[in-house]
Amino acid sequence: MTEPILNVEDLSVRISGLHILQGVSFTVAPTGVTVLLGRNGVGKTTTLRAIVGLTPPAGEVRGTIRMGAQSLLARPTHRLVRGGLGYVPEDRCVFAGLTVAENLRLAERRGVSPAYDKVFALFPELDRRGRQRAGSLSGGQQQMLAIGRVLLNDNRLLLVDEPTKGLAPKVVTEVAEVLERVAESVPVLLVEQNLAVVRRLARDAVVLAAGKVAWTGDAQELLLETALTRSLLGVGSGESQHPAAPGRAATAGKDGH
């Protein structure tokens, strides 16, 4: 079997006295999209931030995180990024006072030729708005900029946190199309609440509940099981807010649910 690109084993995170993650273990396949699901507040963003080394200094992180043969735990974020770990945060984190072009330029890695042609092919709007300040962009345009910054460089793995949150339906579709194309060449660990996007993109799913892994398996099977989806996510797979679609069967386990 092909080895996973990411192995997370017994990950425990405490922040300000709160035990947010409690022994989380899962893997990310070396191709395609693995989606990290769960209700609000179960630790999805904390998981991504722990992987990329952004847990607050006062926080405590234990366990094992490996990308291929490389241990990621306790390594500084900038070194992880240089090593091919791309991260698109939930709040986009563009530099509002800088132009689009300046935001992109800051993402260039020393000694590496930035892939502007690829970024502008995916997001022509960024090319047209190069002189516009990022703070004046729409939410969708800022999300495109946040993704574009990461795609300037080659990555071994992308972590993408709720890229469609708060976006208009048309922009959601555009972002999903880009991620679908990106996932053809680099694996993605995606946090996403919109089950229509999950249905389109995800092959594998990991569901968190109360800081633990409650389910792992085929994403399409999860979306097919309305009762299971409602139990784990609080929404039925057929409800209009987060529509879903059937898929293939897979084995999975539950942890206390």
Side-chain angles (χ1 to χ4, degrees), residues 3-29 32-67 71-74 80 85 87 89-90 157-162 165 187-195 197-199 201-237 242 244 247 249-257:
E3 293 294 323
I5 184 64
L6 184 74
N7 282 276
V8 177
E9 297 179 9
D10 199 26
L11 180 62
S12 176
V13 177
R14 293 179 182 269
I15 300 175
S16 301
L18 299 177
H19 198 178
I20 299 175
L21 299 182
Q22 305 172 33
V24 167
S25 298
F26 64 91
T27 62
V28 175
V33 175
T34 299
V35 65
L36 189 60
L37 298 169
R39 301 176 189 234
N40 290 335
V42 299
K44 302 184 298 296
T45 293
T46 297
T47 300
L48 295 194
R49 291 178 63 84
I51 292 170
V52 79
L54 289 174
T55 302
E60 178 185 1
V61 181
R62 295 184 178 181
T64 301
I65 306 173
R66 304 188 71 86
M67 186 167 66
S71 175
L72 305 188
L73 203 60
L80 297 179
L85 184 61
Y87 177 53
E90 178 183 5
L157 173 65
L158 291 182
L159 311 180
V160 185
D161 195 354
E162 295 209 36
K165 181 179 179 181
V188 177
L189 177 58
L190 173 70
V191 171
E192 181 55 67
Q193 297 282 5
N194 187 321
L195 295 191
V197 174
V198 173
R199 176 188 62 188
L201 298 179
R203 181 178 62 194
D204 303 307
V206 179
V207 183
L208 298 184
K212 299 180 180 181
V213 174
W215 193 94
T216 62
D218 187 293
Q220 303 303 327
E221 179 192 4
L222 174 63
L223 297 179
L224 179 62
E225 299 291 338
T226 301
L228 181 61
T229 305
R230 187 181 299 278
S231 172
L232 294 173
L233 306 179
V235 61
S237 61
H242 298 301
T251 58
K254 292 185 179 182
D255 181 8
H257 292 270

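Everything numeric in this text was worked out from a predicted model, so none of it was measured. Residues take their numbers from the sequence shown, with the count starting at 1.
- Qualifying side-chain hydrogen bond (donor to acceptor under 3.5 Å, both in side chains) partners for Glu60, counting only residues two or more places apart in sequence or in other chains: Arg62.
- Taking CD1 of Ile65 as the start and CD1 of Ile51 as the end, the distance is 5.5 Å to the nearest 0.5 Å.
- Here Leu80 contributes atom CG and Met67 contributes atom CE; the two are 7.0 Å apart, rounded to the nearest 0.5 Å.
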Output a table of donor-acceptor pairs, distance under 3.5 Å, between side-chain atoms of residues 9-16 and any protein atom two or more places apart or on a different chain; print 'none' if there are none.
from: Ser12; atom 1: OG; to: His19; atom 2: NE2; distance (Å): 2.8
from: Ser12; atom 1: OG; to: Leu21; atom 2: O; distance (Å): 3.4
from: Arg14; atom 1: NH2; to: His19; atom 2: ND1; distance (Å): 3.4

The test is side-chain contact (heavy atoms from CB on, under 4.5 Å); show your working for Leu228 and Glu221 and say whether it passes. CA-CA 10 Å; Leu228 181 61; Glu221 179 192 4; over 6 Å; no
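- Here the closest non-hydrogen pair linking Thr27 and Thr34 is O-CG2, 4.3 Å.
- To the nearest 0.5 Å, the span separating NZ on Lys165 from CG on Asn194 amounts to 13.0 Å.
- From Leu233, atom CG reaches atom CH2 of Trp215 across 10.0 Å, with rounding to the nearest 0.5 Å.
- Listed here is the closest heavy atom pair of Leu189 and Leu157: N-CD1, 4.2 Å.
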How far apart are the C-alpha atoms of Leu222 and Leu232, what are their side-chain angles, what is the distance that settles it, and do they pass the side-chain contact (heavy atoms from CB on, under 4.5 Å) test? CA-CA 10 Å; Leu222 174 63; Leu232 294 173; 3.9 Å; yes
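- Looking only at distances, a side-chain donor or acceptor of Lys44 sits under 3.5 Å from a matching main-chain atom of Gly38.
- Of all heavy-atom pairs spanning Ala29 and Asp204, the tightest one is CB-OD2, 3.9 Å.
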Under the side-chain contact (heavy atoms from CB on, under 4.5 Å) criterion, do Tyr87 and Leu54 qualify, and how do the steps go? CA-CA 11 Å; Tyr87 177 53; Leu54 289 174; 3.5 Å; yes
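- Atom CZ of Arg199 sits about 8.5 Å away from atom CD of Gln220, to the nearest 0.5 Å.
- Residue Leu223 is tested with Asp218, Leu37, Leu195 for a side-chain contact (heavy atoms from CB on, under 4.5 Å); the sole match is Leu195.
- When all heavy atoms of Arg39 and Arg230 are compared, the closest pair comes out as NH2-O, 3.5 Å.
- A side-chain donor-acceptor contact under 3.5 Å links Thr229 to the backbone of Glu225.
- For the atom pair CG (Leu6) and CG (Leu159), the distance works out to 7.5 Å, reported to the nearest 0.5 Å.
- Among all heavy-atom pairs drawn from Gln193 and Glu162, the shortest one is CG-OE1, 3.5 Å.
- For the pair Thr64 and Leu73, the minimum side-chain heavy-atom distance is 4.5 Å or more.
- Pairing each heavy atom of Ile5 with each of Pro187, the nearest pair is CG2-CG, 4.0 Å.
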